[in-house]
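Please read these numbers as outputs of a predicted model, since none were measured by experiment.
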Amino acid sequence: MVGPIRVAACHAAPVFLSARATTQKAISFIKTASKNSANLVIFPETYIPAFPVWSSMRAPTENHDLFKRMAEQSILADGEEIQALQSAAQETKTYLSVGISERTRYSSGTLFNSNIFIGPDGRILNLHRKLMPTFFEKLTWAPGDGHGLKVVETPFGNIGNLICGENTNPLARYSLIAQAEHLHISTWPAAWPTRVADPNSAQDTGARNYDNVAANRIRAAAHCFEAKAFGVLCSGHLDEQAIETMAAGAPDAEHITRVLRTSQRGATMFLDPTGAPIPGFTVDVTTGEKKEVDFLQKEEGILYADLNLADCVEGKQYHDVVGGYQRHDVFKLTVNRERQVPIRFHDPPNLFAEKGDQENFTAS
């Protein structure tokens with residue numbers, strides 16, 4: 001069964017590089033969204049504890065302290081921060097999709113750009129690790145695996161997620177389309193600097209920088225059109241605390257500050273199954289008044305939309321790229337969803353399992 005769902009996309013800034021404080025902020029957003037009848041609450045790419053946009057500007061020789069803080073504040077997939085989110089999901093009876101920087105128990109420095117999906121009963125329904133860190137992200141995160149390339153079946157429809165640049169990967173996208181995805185979540189950073197505007201040029205105002213909004217919208221819209229699915233683009237918000245933290249101590253701190261303040265911000269928006277934008281709405285926290293908004297970009301907030309996922313069906317009559325509009329005899333795709341680990345131990349049988357073994361065992 002598929003049907004109406006109220007989605008809350010949180011265009012939010014983390015408490016930069018503080019996992020605990022950011023988790024508490026997320027819970028506050030979840031409770032607000034729940035009061036406004038949201039069924040699904042979404043947070044941006046690596047919302048907990050931050051997105052390492054500093055690596056686009058600071059040289060690796062200047063990154064060590066920030067990476068160390070990132071590693072310390074990244075969270076375990078079963079850690080106390082996730083447990084707090086599970087409790088919030090259970091309390092509010094909402095589905096949660098949260099971007100996290102995930103650390104592991106087998107290494108003090110291996111991190112993953114991950115997205116965790118939690119059900120209204122508090123259960124973890126999926127943990128996806130970004131398949132390939134993009135560009136400067138390789139200075140922070142390791143490549144993920146295919147284990148999380150799954151849609152989550154809900155009473156509203158099947159919900160899938162890809163992180164940022166993964167939405168450029170046609171095979172990753174196809175793997176979700178082929179699981180009857182009805183709602184596609186794409187999560188993005190607050191900014192993506194690639195060029196520096198010339199402050200002395202009246203014409204160069206940063207427009208030649210990477211067009212963050214267009215690039216994200218084009219990729220997400222292409223997926224919606226091909227999947228005949230609704231889309232949610234959830235981008236982070238960049239605040240002054242983050243800018244000051246990333247510039248602090250750098251030899252060119254003034255330059256970094258200027259770049260971050262002038263770089264185009266990511267946008268949070270909704271798309272229909274043809275890829276066309278859908279207006280969302282915000283809710284005044286004091287009066288409860290709804291205001292129609294096309295997207296959120298420069299201000300922090302929650303963008304809502306009521307989506308009827310049953311509306312995904314009609315477009316399949318035109319192009320069902322995993323069904324009637326596919327040639328399964330020509331194209332074959334195999335997806336390895338085994339969780340990758342660095343080592344597998346095969347321990348010998350317990351030497352003391354049989355009675356008397358301890359007496360016959362001599363330590364060397």
4.5 Å side-chain heavy-atom contact, [X] and [Y]:
{"X": "Pro279", "Y": "Val293", "result": "no"}
{"X": "Ile30", "Y": "Thr94", "result": "yes"}
{"X": "Val53", "Y": "Pro193", "result": "yes"}

At their closest point, which heavy atom of [X] faces which heavy atom of [Y], and how far apart are they?
{"X": "Arg265", "Y": "Asn212", "answer": "C-ND2, 3.7 Å"}
{"X": "Ser56", "Y": "Phe136", "answer": "CB-CE2, 3.3 Å"}
{"X": "His128", "Y": "Leu149", "answer": "CE1-CD2, 3.9 Å"}
{"X": "Thr110", "Y": "Ala142", "answer": "CG2-CB, 4.1 Å"}
{"X": "Ile82", "Y": "Leu76", "answer": "CG1-O, 3.4 Å"}
{"X": "His184", "Y": "Asn161", "answer": "CE1-C, 4.3 Å"}

Using a 3.5 Å distance criterion without hydrogens, assess whether the side chain of [X] forms a donor-acceptor pair with backbone atoms of [Y].
{"X": "Gln86", "Y": "Gly122", "value": "yes"}
{"X": "Ser235", "Y": "Ala267", "value": "yes"}
{"X": "Arg58", "Y": "Met246", "value": "yes"}
{"X": "Lys332", "Y": "His328", "value": "yes"}
{"X": "Asn36", "Y": "Thr32", "value": "yes"}
{"X": "Ser28", "Y": "Gln24", "value": "no"}
{"X": "Ser107", "Y": "Gly109", "value": "yes"}
{"X": "Gln90", "Y": "Pro120", "value": "no"}
{"X": "Asp211", "Y": "Ala215", "value": "no"}
{"X": "Thr154", "Y": "Asn158", "value": "no"}

Problem - Pairs where residues 137-146 contributes a residue and the test side-chain hydrogen bond (donor to acceptor under 3.5 Å, both in side chains) is met, not counting sequence neighbours - result: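 Passing the test, one end in residues 137-146: Ser101-Trp141, Lys130-Glu137, Asp145-Arg339.
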Handout entry: Linked, directly or transitively: Val41 and Ile302 (ILVMFWY side chains, under 4.5 Å)
Key =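 The answer is yes; both residues are in one hydrophobic cluster.
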Practice task
Verify the cluster assignment for Phe112 and Ile75: are they in a single hydrophobic cluster under the rule of side-chain heavy atoms below 4.5 Å apart?
Solution key: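 No, Phe112 does not connect to Ile75 through the hydrophobic network.
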Taking everything shown except [X] itself, do over 12 heavy atoms lie less than 6.0 Å from its [atom1]?
{"X": "Arg6", "atom1": "CZ", "value": "yes"}
{"X": "Glu314", "atom1": "CD", "value": "no"}
{"X": "Asp65", "atom1": "CG", "value": "no"}
{"X": "Glu153", "atom1": "CD", "value": "no"}

Whether [Y] and [X] form a salt bridge (side-chain N of Lys/Arg under 4.0 Å from carboxylate O of Asp/Glu) is what I want to check.
{"X": "Arg344", "Y": "Glu338", "result": "yes"}
{"X": "Asp78", "Y": "Arg105", "result": "yes"}
{"X": "Arg173", "Y": "Glu166", "result": "no"}
{"X": "Glu72", "Y": "Arg103", "result": "no"}

Should the ring pair [X] and [Y] be called parallel, tilted or perpendicular, given that the plane angle runs from 0 to 90° and is split at 30 and 60?
{"X": "Phe29", "Y": "Phe43", "value": "perpendicular"}
{"X": "Phe16", "Y": "Trp54", "value": "perpendicular"}
{"X": "His319", "Y": "Tyr325", "value": "perpendicular"}

Practice task
In sequence, state the C-alpha distance, the side-chain angles, and the governing distance for Ile177 and Glu226, and then conclude on side-chain contact (heavy atoms from CB on, under 4.5 Å).
Solution key: CA-CA 8 Å; Ile177 299 172; Glu226 293 170 11; 4.3 Å; yes
Practice task
Check the side chains of Thr187 and Glu45 for a donor-acceptor pair under 3.5 angstrom, ignoring hydrogens and angles.
Solution key: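 There is no such pair between these side chains.
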Handout entry: Asn115 and Ser97: side chain donor to acceptor below 3.5 Å
Key =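 Yes.
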Exercise for the section: Could you name each residue pair satisfying ring-ring contact (aromatic ring centres under 6.0 Å, His included) that touches residues 229-284, not counting sequence neighbours? Expected result: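 Residue pairs with at least one partner in residues 229-284: His11-His237, Phe281-Tyr304.
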Practice task
Begin from the C-alpha positions of Gln179 and Tyr174 and carry the test side-chain hydrogen bond (donor to acceptor under 3.5 Å, both in side chains) through to its verdict.
Solution key: CA-CA 9 Å; Gln179 297 173 69; Tyr174 184 88; over 6 Å; no
Exercise for the section: Kindly determine whether Tyr47 and Thr22 satisfy side-chain contact (heavy atoms from CB on, under 4.5 Å), including the steps that lead there. Expected result: CA-CA 8 Å; Tyr47 180 64; Thr22 304; 3.4 Å; yes
Practice task
May I ask you to check whether Trp188 and Phe51 place their ring centres under 6.0 Å from each other?
Solution key: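 When the ring centroids of Phe51 and Trp188 are compared, they turn out to be at least 6.0 Å apart.
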Handout entry: Asn167/Ser186 under side-chain contact (heavy atoms from CB on, under 4.5 Å): CA gap, chis, key distance, verdict
Key = CA-CA 7 Å; Asn167 292 278; Ser186 57; 3.5 Å; yes
Practice task
Let me know which of Val232, Leu307, Ile185 forms a side chain to side chain contact (heavy atoms under 4.5 Å, CB included) with Leu40.
Solution key: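 For Leu40, the side chain to side chain contact (heavy atoms under 4.5 Å, CB included) test succeeds with only one of Val232, Leu307, Ile185, which is Ile185.
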Practice task
Output, in order, the C-alpha distance, side-chain angles, deciding distance and verdict of side-chain contact (heavy atoms from CB on, under 4.5 Å) for Ile5 and Tyr95.
Solution key: CA-CA 11 Å; Ile5 180 174; Tyr95 287 91; 6.0 Å; no
